[in-house]
Number of protein chains: 2
Amino acid sequence: MHHDHLSATFAALADPTRRAMLARLSQGEANVSDLAKPFLKEMSLPAITKHLKVLEKAGLVTKTKEAQWRPCKLNGAPLKDVSDWMDHYRIFWEESFDRLGEYLKTVTAQEKSKGKNHGRKKKNK
Amino acid sequence: MHHDHLSATFAALADPTRRAMLARLSQGEANVSDLAKPFLKEMSLPAITKHLKVLEKAGLVTKTKEAQWRPCKLNGAPLKDVSDWMDHYRIFWEESFDRLGEYLKTVTAQEKSKGKNHGRKKKNK
DNA sequence: CCGATAATTAACTAATTGGTTAATTAACCA
DNA sequence: TGGTTAATTAACCAATTAGTTAATTATCGG
């Protein structure tokens with residue numbers, strides 16, 4: 001399976017059911033059956049248990065024990081890692097395309113000055 | 001497979017090889033073999049082609065055509081959607097836990113006033 | 001045209017994912 | 001004790017993923 005935490009987190013988020021469960025948990029604690037309720041027309045309870053397990057393994061949800069219930073709560077910590085990863089790419093959608101072009105020109109210039117010349121960007125047209 | 005764009009994006013990001021390819025592309029355009037180079041000890045070129053296809057389908061990479069080369073460039077647009085999704089959860093890692101506790105108390109209060117009482121948070125101990 | 005380079009496609013495989021139904025565990029309550 | 005509720009586990013299945021090797025396509029350059 002995934003070996004790094006970030007991959008596990010992204011994978012956990014790559015499912016609309018799981019994201020909806022997180023959305024529900026962002027409103028406060030909920031039991032497994034509470035989390036399942038909106039989906040029981042589309043899928044079974046064990047399916048929800050499995051989704052929940054994915055979220056738990058990614059560290060996004062913490063499940064505790066109260067009698068026969070399992071109150072779940074959202075843990076945002078792994079999302080901090082995602083956010084930090086995203087920060088490196090923010091310039092690729094936030095900045096104006098002009099400034100992005102400038103930025104790219106400077107880094108590719110550095111690249112060339114390090115002597116790397118494969119890829120052969122000659123643009124002979 | 002995935003039906004929504006956000007899931008496809010998260011899934012594309014849930015692999016360290018693909019994230020490394022994006023990191024490389026954040027430095028500027030690169031051909032397929034440029035992107036492959038760091039990984040050719042661990043995997044074959046067709047494997048890279050496949051990873052690239054996942055990134056393309058998620059809209060994160062745009063591949064063009066220049067002679068026998070395929071210059072690829074990073075497209076950050078889908079990451080904007082990820083960032084917007086993340087914004088709803090920022091409070092769960094950014095704020096102090098005290099204020100998070102406050103926030104949670106208010107939303108669960110709203111929840112209760114809407115008459116929802118399943119989950120039975122009685123805390124009889 | 002030929003040979004080399006760049007990349008993709010085809011065909012196959014093993015492991016993982018996302019779901020199912022049926023059975024099981026565990027706690028409460030009357 | 002027995003019934004009910006909450007949730008998990010087991011066993012299974014189909015589809016997807018992530019990789020492989022071998023063959024193919026396409027373009028350049030002499």
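The chains referred to below are lettered A, B, ... by the order of the sequence lines, with proteins before strands, and numbering in each begins at 1.
When rounded to the nearest whole Å, the span between CE of B/Met43 and P of C/dT8 equals 15 Å. Atom C1' of nucleotide C/dT17 and atom NE2 of A/His51 are separated by 9 Å, given to the nearest angstrom. In this structure, CG of A/Asp15 is placed 10 Å from C1' of C/dT17, rounded to the nearest angstrom. Atom CD in A/Glu66 sits about 10 Å away from atom P in C/dC28, given to the nearest Å. The CD1-P distance, from A/Ile48 to C/dT17, rounds to 17 Å in whole Å. Rounded to an integer number of Å, the gap from NZ of A/Lys57 to P of C/dG18 is 12 Å. Here C/dA6 presents its P atom at 17 Å from CD of B/Glu29, a figure rounded to the nearest Å. Atom-to-atom, CZ of B/Phe39 to P of D/dT20 comes out at 13 Å; the value is rounded to the nearest Å.
Between B/Leu13 and A/Leu6 there is no side-chain heavy-atom pair separated by less than 4.5 Å. Using a 4.5 Å heavy-atom cutoff, the side chains of A/Trp85 and B/Val82 are not in contact. A 4.5 Å side-chain heavy-atom check between A/Leu52 and A/Leu35 finds at least one atom pair inside the cut-off. Using a 4.5 Å heavy-atom cutoff, the side chains of A/His51 and A/Phe39 are not in contact.
B/Lys80 contributes atom NZ, which lies 13.5 Å from atom OG1 of B/Thr9 (distance to the nearest 0.5 angstrom). Atom CE in B/Met86 sits 4.0 Å away from atom CH2 in B/Trp93 (nearest 0.5 Å). Within the model, atoms NZ of A/Lys37 and CG of A/Leu45 stand 11.0 Å from one another, a figure rounded to the nearest 0.5 Å. Note that CE of A/Met21 is 11.0 Å distant from CG of A/Asp34, once rounded to the nearest 0.5 Å. Atom NZ of B/Lys63 sits about 13.5 Å away from atom CD of B/Glu29, to the nearest 0.5 Å.
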Expected string for nucleotides 12-17 of chain D under the B/S/- scheme (protein heavy atoms, under 4.0 Å, primed atoms plus P, OP1, OP2 as sugar-phosphate) is ----SS
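Applying the 4.0 Å criterion to OP1 and OP2 of D/dT9, one finds that A/Lys53 has a side-chain N or O inside that range. For B/Ser44, a side-chain nitrogen or oxygen approaches OP1 or OP2 of D/dT20 to under 4.0 Å.
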Output a table of nitrogen or oxygen pairs between the protein and nucleotides 3-7 of chain D separated by less than 3.5 Å.
| residue | atom | partner | partner atom | Å |
| --- | --- | --- | --- | --- |
| D/dA6 | O3' | A/Gln68 | O | 3.3 |
| D/dA7 | OP1 | A/Val32 | N | 3.2 |
| D/dA7 | OP1 | A/Arg70 | N | 3.1 |
| D/dA7 | OP2 | A/Ser33 | N | 2.7 |
| D/dA7 | OP2 | A/Ser33 | OG | 2.4 |

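Of all nucleotides present, only D/dT1 satisfies the Watson-Crick or G-U wobble test against C/dA30, with each distance under 3.5 Å.
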